[in-house]
Visitor: 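Please read through the structure below; I'll follow up with questions.
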Amino acid sequence: MNTSVNTPPQALEADYYRVNFITLLTFVFERYAALLTEQERSFYHQFSALSVNAQCLFTRCLMRKGNFFRVAKFSYQEISEPLTALSELTATTLVKSATVDDFNNIITLFTKPELVKAFPEHSLKTLKRAELDAELIRVANDTPDLMFARLQNLANHSLIFVCTQAFDTFRLLFFGNLRQDLTEFVLQDMGIVKYPKFTLSRDKLPFQNRETIVALKKINELSDYLHDHKQLDIDELEYLCSQLPPCTQQSSIVQRRLGRLLNRLGQRYEQQKDYQAAIALYQQSNELPAAERIIRCLAYLHQWEEAWERLQQLETSSSISSEQHFVRVFKPKLAKKLAIPFERQSLQIKPEQVILITPHTQSVERNVQQHLSALGKVSFWSENGVFNSLFGLTFWSLLYADCEGAFYNPFQTAPDDIYHGSFIAKRESLWQELFQFIACEKRYEKLLRENYRTYFGLANRFIHWSLLQQTVADIPIFDGVRLSQAEQQRSLFEWTLQRVPIEHIRKIVLHILADRKDHRSGMPDLIVFTDQDYCLMEVKGPGDRLQNNQKVWLDFFERNEIPYRTLRVVYDENN
DNA sequence: ACCACTCACTCAGTG
DNA sequence: TAAAAATTCG
DNA sequence: CACTGAGTGAGTCGAATTTTT
Ligand SMILES: [Mn+2]
Ligand SMILES: [Mn+2]
């Protein structure tokens, strides 16, 4: 795969991460001092008062995974005396020496051989690591202090606990989320990720009150918990729900993330067959597919009238493709239960084409690509990548418009309001201008090429540069195809512009624009190029079926005369 | 039911 | 959002 | 004594994860 999206690494200062950390802290403190707790302000001030050495050590801890560390094991060139720096840290409230209560967490800081040697009186040698941990925890019930002391000794009394709560708040305020961390800085410093120029909003800050911060941190905590615990019974779910932040008149970001969390909790209740509880959660959610799930739950509960009522309401109120599709599918089922007459309005989608090919170890999609190449057809496995990329290239000027509430930190890959209903309205004049501009096919094609060249490699949520840049030479399958030199080196981007009518591209990206969230996925697996034509091809292996969002896209292709087909692969067992 | 492997080496037991 | 080095287990 | 099989310990490997820049 081509890697020319990147540039060679730059040299960094020895304490680059400390500098970045201070940048982050200062950024937040300057803007949000009023929203911080006393503890968080003290976090900032205590850190600022540390020696450079101690600042480095503390930052190193925060960059690592977990809350517990064994500083004696750290070996950093730029930290001259880690244990001295550590004593400086333990004198503050930033870091606490580990206590016997932390025993369970501490043992992971030692390797298996170390533990075996440290506790020769217990035969640990033959145990697997997980069993070893469990066994140690078990025997530590009898003599916890002694065993903890032995580990703390072994580690030169450098076992510490670092509470990340305060830093989490700073991260949240800086990034607007808790997914991103200090690595964003270094990736940018090294030139591995480059961002387009955009101006940060300064007047209106995204966080206006403490409640928003508390709510988001709690939502994040519960989400993580759900992620790590796949099996939860109803009591546990109830306990989680009792911790949910109130959803009264919250900021839009809380609304969205709380909605997603409510949906996940609702799904767990559905798995436990507690549909009443699930409905109660979905009703508080404004995120897809809450409305659909409520109706499905009502159906599970045999509350047909209520379900019918809500379905009809959804049919008239929602213009979202996936919800309309749900109505189309579910309405006949409910109507039948209620003995209401209805006319079925099914989608007009071309039937599957069946193909028999010899099985390989590769994926079905690659198999089909190989098959196509034998027929002299060039194809790329692009899924949503190509058209989302063309979306980004088309609407680049909207995405990076200088607009209040769009960009809050230097590491965003899309404006913050990209999924808001008001996204276009807020950029109305630019939008009108651009719409006029791309009305002309020549101009539009030129714009796409220009933006591709000008912005190539800049981080953007919709644009997958490395995919656009791919050539058949990057895909091992095409060794047998006879292609001209030019075709061999032609990028997917070029193939697309040369084969796909600009009118088709425009229709598709406008459709994505109409609902950036709902229409970003479900596009076919392959884009196939023939002499003059192209075709979008969804591949289905044995047992695979068209998903709803795929059907919606195929329906769109049908109505807009965009060439597509669904290929059903049957493996030839004789080979 | 168990689970990295190889390699060189020791050592007790056997004929 | 990349790539390589280091660590760890088995 | 020659041979065997069990056990040991060191070193290494691959895969997965974590850390670094
Ligand atoms: Mn697919
Ligand atoms: Mn498929």
Side-chain angles (χ1 to χ4, degrees), chain A residues 1-21 23 56-79 82 105-118 120 123-136 154-155 162 164 171 174-198 228 384-385 388-389 392 399-400 407 409-415 418 455-470 474:
Chain A
M1 194 74 44
N2 204 315
T3 55
S4 71
V5 172
N6 310 314
T7 51
Q10 309 287 309
L12 297 173
E13 297 290 319
D15 64 342
Y16 69 91
Y17 55 92
R18 187 185 67 93
V19 175
N20 293 336
F21 184 63
T23 303
C56 284
L57 180 61
F58 185 62
T59 311
R60 284 291 190 187
C61 289
L62 286 180
M63 292 199 306
R64 287 183 176 214
K65 210 184 148 183
N67 300 89
F68 293 91
F69 304 100
R70 178 181 171 184
V71 175
K73 270 231 148 185
F74 287 11
S75 164
Y76 294 111
Q77 225 188 326
E78 75 279 5
I79 302 177
N105 299 305
I106 290 305
I107 52 183
T108 62
L109 300 175
F110 296 84
T111 65
K112 191 175 157 181
E114 282 176 327
L115 291 173
V116 172
K117 203 171 158 199
S123 51
L124 305 168
K125 188 73 202 290
T126 58
L127 299 177
K128 280 195 265 184
R129 181 63 208 235
E131 298 167 345
L132 191 156
D133 289 359
E135 174 65 8
L136 274 181
L154 188 56
V162 178
T164 58
R171 269 169 60 220
F174 184 84
F175 293 112
N177 61 64
L178 286 165
R179 280 176 296 104
Q180 292 174 284
D181 55 33
L182 286 170
T183 61
E184 307 290 341
F185 287 87
V186 74
L187 290 178
Q188 188 186 39
D189 292 344
M190 308 267 303
I192 288 166
V193 179
K194 292 175 179 164
Y195 294 88
K197 282 200 178 62
F198 48 77
D228 296 340
N384 311 306
N388 276 321
S389 295
L399 293 176
Y400 295 103
F407 292 97
N409 79 66
F411 305 107
Q412 282 179 230
T413 55
I418 180 65
Y455 303 122
F456 189 88
L458 299 183
N460 181 285
R461 186 174 306 171
F462 297 96
I463 308 180
H464 307 275
W465 299 108
S466 55
L467 173 68
L468 291 183
Q469 192 191 31
Q470 255 184 34
D474 296 323

Visitor: Going by the rule ring pair (Phe, Tyr, Trp, His ring centres under 6.0 Å), which residues pair with A/Phe68 if we only count those two or more places apart in sequence or in a different chain?
Guide: A/Phe161
Visitor: For D/dT12, which nucleotide is its Watson-Crick or G-U wobble mate, given both distances must be under 3.5 Å?
Guide: B/dA4
Visitor: Rounding to an integer number of angstrom, what distance separates B/dC2 and D/dT18 when you compare their C1' atoms?
Guide: 29 Å
Visitor: Mind checking the C1' distance from C/dC9 to B/dC3? Whole angstroms is fine.
Guide: 13 Å
Visitor: What is the separation between atom CD on A/Gln77 and atom P on C/dA5, rounded to the nearest whole Å?
Guide: 16 Å
Visitor: Taking atom P in both B/dT6 and D/dA15, what distance in whole Å separates the two?
Guide: 15 Å
Visitor: Expressed as a whole number of angstroms, how long is the span from A/Asp189:CG to C/dA2:P?
Guide: 17 Å
Visitor: Give me the distance, rounded to whole Å, that separates B/dT10 from C/dA6 when you measure between the C1' atoms they each carry.
Guide: 35 Å
Visitor: Going by heavy atoms closer than 4.0 Å, what residues in residues 60-76 of chain A are next to DNA chain D?
Guide: A/Arg60, A/Arg64, A/Lys65, A/Tyr76
Visitor: Could you pull out all residues at least two apart from A/Ala459 that satisfy side chain to side chain contact (heavy atoms under 4.5 Å, CB included)?
Guide: A/Val193, A/Tyr195, A/Thr413
Visitor: If I take atom CD in residue A/Glu13 and atom C1' in nucleotide D/dT21, what distance separates them, rounded to the nearest angstrom?
Guide: 13 Å
Visitor: What's the CG-P distance between A/Asn409 and C/dT1, to the nearest Å?
Guide: 15 Å
Visitor: As a test of reading the structure: which of C/dT1, C/dA2, C/dC9 is closest to the side chain of A/Thr111, going by heavy atoms?
Guide: C/dC9
Visitor: Considering residues at least two apart in sequence or located in another chain, which fulfil the salt bridge (Lys or Arg N to Asp or Glu O under 4.0 Å) criterion with A/Glu13?
Guide: none
Visitor: Has A/Tyr17 got a side-chain N or O lying under 4.0 Å from the OP1 or OP2 atom of D/dT21?
Guide: no
Visitor: Quick check on the 6.0 Å ring-centre criterion: do A/Phe407 and A/Tyr400 meet it?
Guide: yes
Visitor: Using the P atom in both, what is the distance from D/dT21 to C/dT1, to the nearest Å?
Guide: 22 Å
Visitor: Parallel under 30°, tilted from 30 to 60°, perpendicular over 60°: which one fits the rings of A/Phe175 and A/Phe411?
Guide: tilted
Visitor: Whole-Å distance between C/dT1 C1' and A/Trp465 CH2?
Guide: 14 Å
Visitor: Between B/dC5 and D/dC13, how many Å separate the two C1' atoms, rounded to a whole number?
Guide: 7 Å
Visitor: Using the ring pair (Phe, Tyr, Trp, His ring centres under 6.0 Å) criterion, which residues pair with A/Phe69? Sequence neighbours excluded.
Guide: none
Visitor: Starting at atom CG of A/Leu182, determine the distance to atom P of C/dT1, rounded to an integer number of angstrom.
Guide: 18 Å
Visitor: Once you round it to whole Å, what is the distance between P of C/dC9 and CG of A/Leu132?
Guide: 9 Å
Visitor: How would you label the contact of A/Glu184 with the nucleic acid (heavy atoms, under 4.0 Å): base, sugar-phosphate, or nothing?
Guide: base
Visitor: Select one nucleotide: of D/dT21, C/dA2, C/dG10, the one nearest the side-chain heavy atoms of A/Tyr16.
Guide: D/dT21
Visitor: side-chain contact (heavy atoms from CB on, under 4.5 Å), that's the test. Do A/Arg60 and A/Glu78 meet it? Break it down for me.
Guide: CA-CA 11 Å; A/Arg60 284 291 190 187; A/Glu78 75 279 5; 2.9 Å; yes
Visitor: Which of the following nucleotides, C/dA2, C/dT1, C/dC9, is nearest to the side chain of A/Lys112?
Guide: C/dC9
Visitor: Run the side chain to side chain contact (heavy atoms under 4.5 Å, CB included) test against A/Thr164 and tell me which residues pass, sequence neighbours left out.
Guide: A/Leu62, A/Asn67, A/Asp168
Visitor: Which value, in whole Å, describes the distance between the P atoms of nucleotides B/dA8 and C/dT7?
Guide: 29 Å
Visitor: When the distance from CG of A/Leu109 to P of C/dT8 is rounded to whole Å, what number comes out?
Guide: 10 Å
